[in-house]
Amino acid sequence: MDEEFVVTPWEVRGRVDYQKLMQQFGARPLTQAEVSLLEKYAGEVHPLIRRGFFYAHRDFDAILKWHGEGKPWALYTGRGPSGPVHIGHMVPWILLKWLFNKFGVEVYFQMTDDEKFYDDPEMRLEEATKWAYENALDVIALGFTPDKLHLIIDTKDIKPLYPIAAKVAKKLTWNTVKATFGFTDSTNIGLIFYPSLQIAVAFLPTELHGRPTPVLIPCAIDQDPYFRLARDIAESLGYPKPATLYSKFIMALTGESKMSASNPNSAIYTIDDEKTIRRKIANAYTGGRPTAEEQRRLGGNPDVCPVYHYHMLFDPDDASVEKIYHSCKSGALLCGECKQMLYEKIRKFVKQHQEAREKARDKVDAYRLSSKLS
Ligand code: TYM
């Protein structure tokens, strides 16, 4: 029997059945037809797509065709700044940067300090806003320039968003948001209004440019409820429907479906130092056997192993990843060695990322949409 699982924008519980989740939400599988269309326009396909991390979508093919007709579009994604960024959060942003490199369109990035304030009883608003600035460094560090990346910190940059959010809010009934997000009578009204803001950014490029400018939203599938609603109301408000591209969650180091903010050892954060990263990888759950002798005799199980999962994320070379997979299964590769190889890959990525992050530190305001509109 299937294990029960729950996925909402604020919570992931149990072992996620991704095919079932996609069907529940009503998204479509990413098939070879869409991947080939992407390859036609981008010239290649990113490993995160080739390796099945991104696996579902809404109208990805339609936006590629729109692009093929020479029409304008934009990229949109975001972050709920509740603490440091972990490797899982970076996944949609790495694809975002790749899509930006390939298509050169504008990027809208929303920092929802208000959402995190409403959602977490312990969170002070000032703290969430501070995290918005900190997390913005992780986005900028990927190499965006201020002319193309438009950062929106909700409590700071609300002006262009608010009129759109008001129109969105008027279209959404309590009944609808209750059913979509599972709100209850004790949910605060900030959180109940909040979806209007996340939806509003999907329509912002059309408002700013004064012509239909649909967005493509790369994110993990937990964010789908917002964009399902956005698509339902778009046309009645005179906006094009947003398109989406959904990833699975990057496994926690504990082997669970999603990293947990309450267990810092379940994830590698972009601000972790080398010693911490080494320790977290050394302590990670694996698909290996209890003893080296058994591992050599019976082989390991890379399919359930977060260490293998992370090799797939950090190693662009297909042949190298395949070699790890097969030598784990055959028993030739032991977990200690495999973890050491992973540590080297992540250490390299994080070192370069942390340097770029610090260089961005006093530049955040130049990326904010408000600084460009005023
Ligand atoms: P947040 O901060 O929960 O997550 C930020 C982004 O990371 C994705 N994500 C993951 N992806 C892969 N593996 C994981 N383990 C993992 N955990 C989180 C999320 O899907 C998200 O893309 N409400 C949003 C902020 C937001 C937003 C948006 C997100 C505002 N506008 C538009 C996506 C698109 C939030 O709290 O994200």
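The model shown is predicted, which means the values in this text are computed figures rather than measured ones. Just follow the structure's listing: the first ligand is 1, and inside any ligand the first atom is 1. Atoms considered below: every heavy atom in the structure, side chains included; atoms not considered: hydrogens, waters and symmetry mates.
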S.K.: Would you check if the side chain of Q110 reaches a backbone N or O of I152 as a donor-acceptor pair within less than 3.5 Å?
M.R.: no
S.K.: For the CE atom of M111 and the CG atom of D154, what is their distance to the nearest 0.5 Å?
M.R.: 10.5 Å
S.K.: Run the contact test for Y194 against ligand 1 with a 4.0 Å cut-off on heavy atoms, strictly below, and give the result.
M.R.: yes
S.K.: Using a heavy-atom cut-off of under 4.0 Å, does the side chain or the backbone of I221 touch ligand 1, or both, or neither?
M.R.: neither
S.K.: Under 6.0 Å from the six-membered ring centre of Y55 and within 45° of its axis: does the NZ or CZ of K248 meet both?
M.R.: yes
S.K.: Show the atoms of ligand 1 that are less than 4.0 angstrom away from any heavy atom in C219.
M.R.: 22 (O), 33 (C)
S.K.: Could you say whether the N/O atoms of Y76 and ligand 1 ever approach to under 3.5 Å?
M.R.: yes
S.K.: In the protein, which heavy atom is nearest to atom 10 (C) of ligand 1, and how far is it?
M.R.: G88 O, 3.6 Å
S.K.: Non-hydrogen atoms of K248 versus ligand 1: any pair closer than 4.0 Å?
M.R.: yes
S.K.: Indicate, as side chain, backbone, both or neither, the part of F53 found under 4.0 angstrom from ligand 1 when only non-hydrogen atoms are considered.
M.R.: neither
S.K.: For a 4.5 angstrom cut-off between non-hydrogen side-chain atoms, does I153 reach D113?
M.R.: yes
S.K.: Are the side chains of H311 and Y325 in contact, using a 4.5 Å heavy-atom criterion?
M.R.: no
S.K.: Distance to 0.1 Å, residue and atom name: give those for the protein heavy atom nearest to atom 9 (N) of ligand 1.
M.R.: A220 CB, 4.0 Å
S.K.: Tell me the protein heavy atom at minimum distance from atom 1 (P) of ligand 1, and give that distance in Å.
M.R.: G80 N, 3.8 Å
S.K.: Under 4.0 Å from a heavy atom of T112: give me the atoms of ligand 1 that qualify, with their elements.
M.R.: 25 (C), 30 (C)
S.K.: Strictly under 4.0 Å, does any heavy atom of P92 approach an atom of ligand 1?
M.R.: yes
S.K.: Give the atom numbers and elements of ligand 1 that come within less than 4.0 Å of a heavy atom of K116.
M.R.: 36 (O)
S.K.: Do P81 and E134 have side chains that get closer than 4.5 Å, going by heavy atoms?
M.R.: no
S.K.: Would you say the side chain of F117 lies within less than 4.5 Å of the side chain of T155, judging by non-hydrogen atoms?
M.R.: no
S.K.: What protein heavy atom lies closest to atom 17 (N) of ligand 1? Include the residue and the distance to one decimal.
M.R.: K258 CE, 3.3 Å
S.K.: With a heavy-atom distance limit of 4.0 Å, tell me whether T77 approaches ligand 1 through its side chain, its backbone, both, or neither.
M.R.: both
S.K.: With a cut-off of 4.0 Å, which atoms of ligand 1 are near a heavy atom of I217?
M.R.: 34 (C)
S.K.: Distance check, rounded to the nearest 0.5 Å: W93 atom CH2 versus F144 atom CZ?
M.R.: 10.5 Å
S.K.: Identify, for atom 13 (N) of ligand 1, the protein heavy atom at the shortest distance, and state residue, atom and that distance.
M.R.: I250 N, 2.8 Å
S.K.: Using a plain distance cutoff, I'd like to know if Q223 has any nitrogen or oxygen under 3.5 Å from a nitrogen or oxygen of ligand 1.
M.R.: yes
S.K.: Do D318 and R50 meet the salt-bridge criterion of a basic N to acidic O distance under 4.0 Å?
M.R.: yes
S.K.: Which residue supplies the protein heavy atom nearest to atom 5 (C) of ligand 1, what is that atom called, and how far is it?
M.R.: G78 O, 3.6 Å
S.K.: Please confirm whether H86 comes within less than 3.5 Å of ligand 1 when only nitrogen or oxygen atoms on both sides are compared.
M.R.: no
S.K.: Salt bridge (charged side-chain N to carboxylate O under 4.0 Å, His left out) between R297 and E293: does it pass, once the steps are laid out?
M.R.: CA-CA 6 Å; R297 189 158 46 85; E293 184 278 319; 2.8 Å; yes
S.K.: Which of the numbered atoms in ligand 1 are below 4.0 angstrom from a heavy atom of D222?
M.R.: 19 (C), 20 (O)
S.K.: So which heavy atom in the protein is nearest atom 28 (C) of ligand 1, and how far is it from that ligand atom?
M.R.: Q198 NE2, 3.3 Å
S.K.: Is any side-chain heavy atom of R279 closer than 4.5 Å to a side-chain heavy atom of N265?
M.R.: yes
S.K.: Enter the distance from D59:CG to H57:NE2 here, rounded to the nearest 0.5 Å.
M.R.: 8.0 Å
S.K.: Quick one: OG1 on T213 to CH2 on W66, what's the gap to the nearest 0.5 Å?
M.R.: 7.5 Å
S.K.: Touching ligand 1 at all, W10? Heavy atoms, strictly under 4.0 Å?
M.R.: no
S.K.: Provide the number and element of each atom of ligand 1 under 4.0 Å from a heavy atom of F227.
M.R.: 32 (C), 34 (C)
S.K.: Is the side chain of R368 donor-acceptor paired with the backbone N or O of D157 at a distance under 3.5 Å, no angle test?
M.R.: no
S.K.: M111: heavy atom below 4.0 Å from ligand 1, yes or no?
M.R.: no
S.K.: So is there a nitrogen or oxygen of Q110 less than 3.5 Å from a nitrogen or oxygen in ligand 1?
M.R.: yes
S.K.: What residue and heavy atom of the protein are closest to atom 4 (O) of ligand 1, and at what distance?
M.R.: H89 CD2, 3.6 Å
S.K.: Could you tell me whether D224 and R228 have a side-chain N and a carboxylate O separated by less than 4.0 Å?
M.R.: yes
